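A short worksheet on the structure shown next.
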Amino acid sequence: MGFQIANQPDADRVLDEYPFAVVLGMMLDQQYGMEHAFRGGWKVLSRFGTLDPAAIAAADPEEFKELCSQPPAIHRFPGSMAARLQELAALVESRYDGDVTRLWTEPTTGKELLKRVQELPGFGKQKAQIFVALLAKQLGVRPEGWEAVAGDYALDGYRSVADVIDADSLMKVREFKQQKKAAAKASAG
């Protein structure tokens with residue numbers, strides 16, 4: 001089974017072949033449609049020629065920002081996300097010797113995995129929990145206690161990008177999020 005989060009064959013293939021693209025997509029999944037966010041790795045690879053964290057971190061910031069801003073941009077805020085992407089790449093290069101998979105293959109507990117993910121730029125607690133669930137559900141990365149740290153995102157259902165495996169599940173996750181927003185608005189009103 002390959003990734004089908006980007007809902008576009010070429011972009012999903014990049015997610016399958018480049019683990020850094022998965023982290024990049026999760027980073028971009030903020031105030032932006034999830035399938036578009038997860039196309040970010042494909043866009044960067046197509047324009048920059050590599051997803052090597054060292055090369056991304058070393059790129060000229062202005063040139064990289066321009067590359068990320070070309071239509072279709074990597075995000076609705078391409079400038080700030082280009083800078084965050086370079087920060088993410090620099091962290092992966094310095095802490096994990098450029099091998100992003102070490103982020104999730106080295107931890108022996110869910111708690112340690114969550115802590116590592118939360119150290120990534122743009123990964124607050126909720127995003128980190130979702131990413132832990134995505135790693136578990138889609139890549140089989142399940143260190144002891146991953147369910148506890150992922151919280152409700154570990155449950156079966158259609159709560160987040162961790163549960164997206166095709167266009168149908170993408171629609172169900174989107175419906176779930178809309179219901180949660182409506183319920184929050186109703187209880188606040």
Side-chain angles (χ1 to χ4, degrees), residues 1-57 59 64 67-68 70-78 81-82 84-89 91-93 96 98-107 113-114 116-117 120-123 126-143 146 150 153-154 158-174 177:
M1 177 187 94
F3 280 105
Q4 292 189 28
I5 298 171
N7 208 19
Q8 183 183 56
D10 290 342
D12 284 325
R13 197 168 17 263
V14 169
L15 292 170
D16 288 336
E17 295 174 12
Y18 297 89
F20 188 70
V22 178
V23 180
L24 186 164
M26 191 70 207
M27 183 200 77
L28 294 174
D29 188 13
Q30 168 186 329
Q31 299 179 340
Y32 197 48
M34 71 182 85
E35 70 275 26
H36 297 288
F38 280 87
R39 291 176 189 160
W42 171 71
K43 292 174 186 176
V44 172
L45 179 63
S46 301
R47 298 170 191 172
F48 191 60
T50 183
L51 283 176
D52 175 48
I56 292 171
F64 194 73
L67 172 140
C68 291
Q70 293 171 10
I74 66 163
H75 194 272
R76 58 189 276 214
F77 303 114
M81 287 301 173
R84 185 174 286 169
L85 173 51
Q86 286 194 286
E87 187 183 342
L88 172 68
L91 185 144
V92 169
E93 181 58 28
Y96 303 109
D99 181 2
V100 75
T101 63
R102 288 181 51 202
L103 172 72
W104 58 79
T105 57
E106 293 177 349
L113 176 59
L114 182 69
R116 282 181 173 216
V117 174
L120 301 175
F123 283 71
Q126 183 180 24
K127 183 177 285 210
Q129 288 178 301
I130 293 169
F131 193 64
V132 167
L134 183 147
L135 290 170
K137 292 178 175 183
Q138 302 220 16
L139 295 177
V141 175
R142 298 175 178 206
W146 76 269
Y153 299 109
Y158 301 98
R159 290 174 171 71
S160 73
V161 69
D163 302 306
V164 175
I165 55 167
D166 56 24
D168 185 50
S169 56
L170 172 67
M171 192 172 62
K172 288 177 181 175
V173 167
R174 195 160 272 136
K177 288 181 172 193

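Note that this is a predicted model, so its numbers are computed, not measured.
Take A150 and apply the side-chain contact (heavy atoms from CB on, under 4.5 Å) test, not counting sequence neighbours, and it matches V132, A133, W146, A154. Here D52 pairs with T50, A54, A55 under the side-chain contact (heavy atoms from CB on, under 4.5 Å) rule; sequence neighbours left out.
Separating the CD1 atom in I74 from the CG atom in L67 is a distance of 8.5 Å, to the nearest 0.5 Å. In this structure, OH on Y96 lies 7.5 Å from CD on E106, to the nearest 0.5 angstrom. Between atom CD1 of residue I5 and atom CD of residue E35 there is a gap of 11.0 Å, rounded to the nearest 0.5 Å. One distance of note links OH of Y153 with NZ of K127; it measures 11.5 Å at 0.5 Å rounding. In this structure, L134 CG and Q129 CD are separated by 13.5 Å, a value rounded to the nearest 0.5 Å. Taking CD1 of I165 as the reference point, atom CD of Q138 lies at 7.5 Å (rounded to 0.5 Å).
L51 and A21 make their closest contact through CD1-CB, 3.9 Å (heavy atoms, listed as atom of the first residue, atom of the second, distance). Taking all atoms of both residues into account, the shortest heavy-atom contact from S160 to V173 is O-CG2, 3.4 Å. For the pair D12 and A6, the tightest heavy-atom approach, listed with the atom from each and the gap, is OD1-N, 2.8 Å. Scanning all heavy atoms of the two residues, the minimum distance from A89 to P53 falls at CB-O, 3.3 Å.
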What's the verdict on side-chain contact (heavy atoms from CB on, under 4.5 Å) for L24 and L85, showing C-alpha distance, side-chain angles and the deciding distance? CA-CA 7 Å; L24 186 164; L85 173 51; 3.7 Å; yes
Worked verdict on D99 versus R102 for salt bridge (charged side-chain N to carboxylate O under 4.0 Å, His left out): CA-CA 6 Å; D99 181 2; R102 288 181 51 202; 5.5 Å; no
Could you go step by step and tell me if N7 and R39 meet the side-chain contact (heavy atoms from CB on, under 4.5 Å) rule? CA-CA 9 Å; N7 208 19; R39 291 176 189 160; 4.1 Å; yes
Run D163 and K137 through salt bridge (charged side-chain N to carboxylate O under 4.0 Å, His left out) and show every step you take. CA-CA 7 Å; D163 302 306; K137 292 178 175 183; 2.4 Å; yes
Where do V22 and M26 land on the side-chain contact (heavy atoms from CB on, under 4.5 Å) test, with the steps shown first? CA-CA 6 Å; V22 178; M26 191 70 207; 5.8 Å; no
L88 vs F20, side-chain contact (heavy atoms from CB on, under 4.5 Å): CA-CA, chis, key distance, verdict: CA-CA 10 Å; L88 172 68; F20 188 70; 4.0 Å; yes
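Within a 6.0 Å sphere centred on CZ of F123, heavy atoms belonging to other residues, nucleotides or ligands number more than 12.
Between the side chain of E93 and the backbone N or O of A57, no donor-acceptor pair lies under 3.5 Å. With hydrogens and angles ignored, the 3.5 Å screen pairs no side-chain donor or acceptor of R47 with any backbone N or O of W42. In this structure, K43 contributes its side chain and A73 its backbone to a donor-acceptor pair below 3.5 Å. Side chain of H75 to backbone of M81: no donor-acceptor contact under 3.5 angstrom is found.
With a 4.5 Å cut-off on side-chain heavy atoms, L120 and L103 count as touching. A heavy-atom distance below 4.5 Å is not found between the side chains of F77 and Y32. The shortest distance between side-chain heavy atoms of P107 and R116 falls below 4.5 Å.
The pair R13-D16 does not count as a salt bridge, with every side-chain nitrogen at least 4.0 angstrom from each carboxylate oxygen.
Taking the six-membered ring where tryptophan is involved, the planes of F64 and F48 are perpendicular, since the angle between them exceeds 60° and thus also 30°.
Of the N and O atoms on the side chains of Q30 and R76, not one donor lies less than 3.5 Å from an acceptor on the other residue.
The aromatic ring centres of F3 and F38 sit 6.0 Å or more apart.
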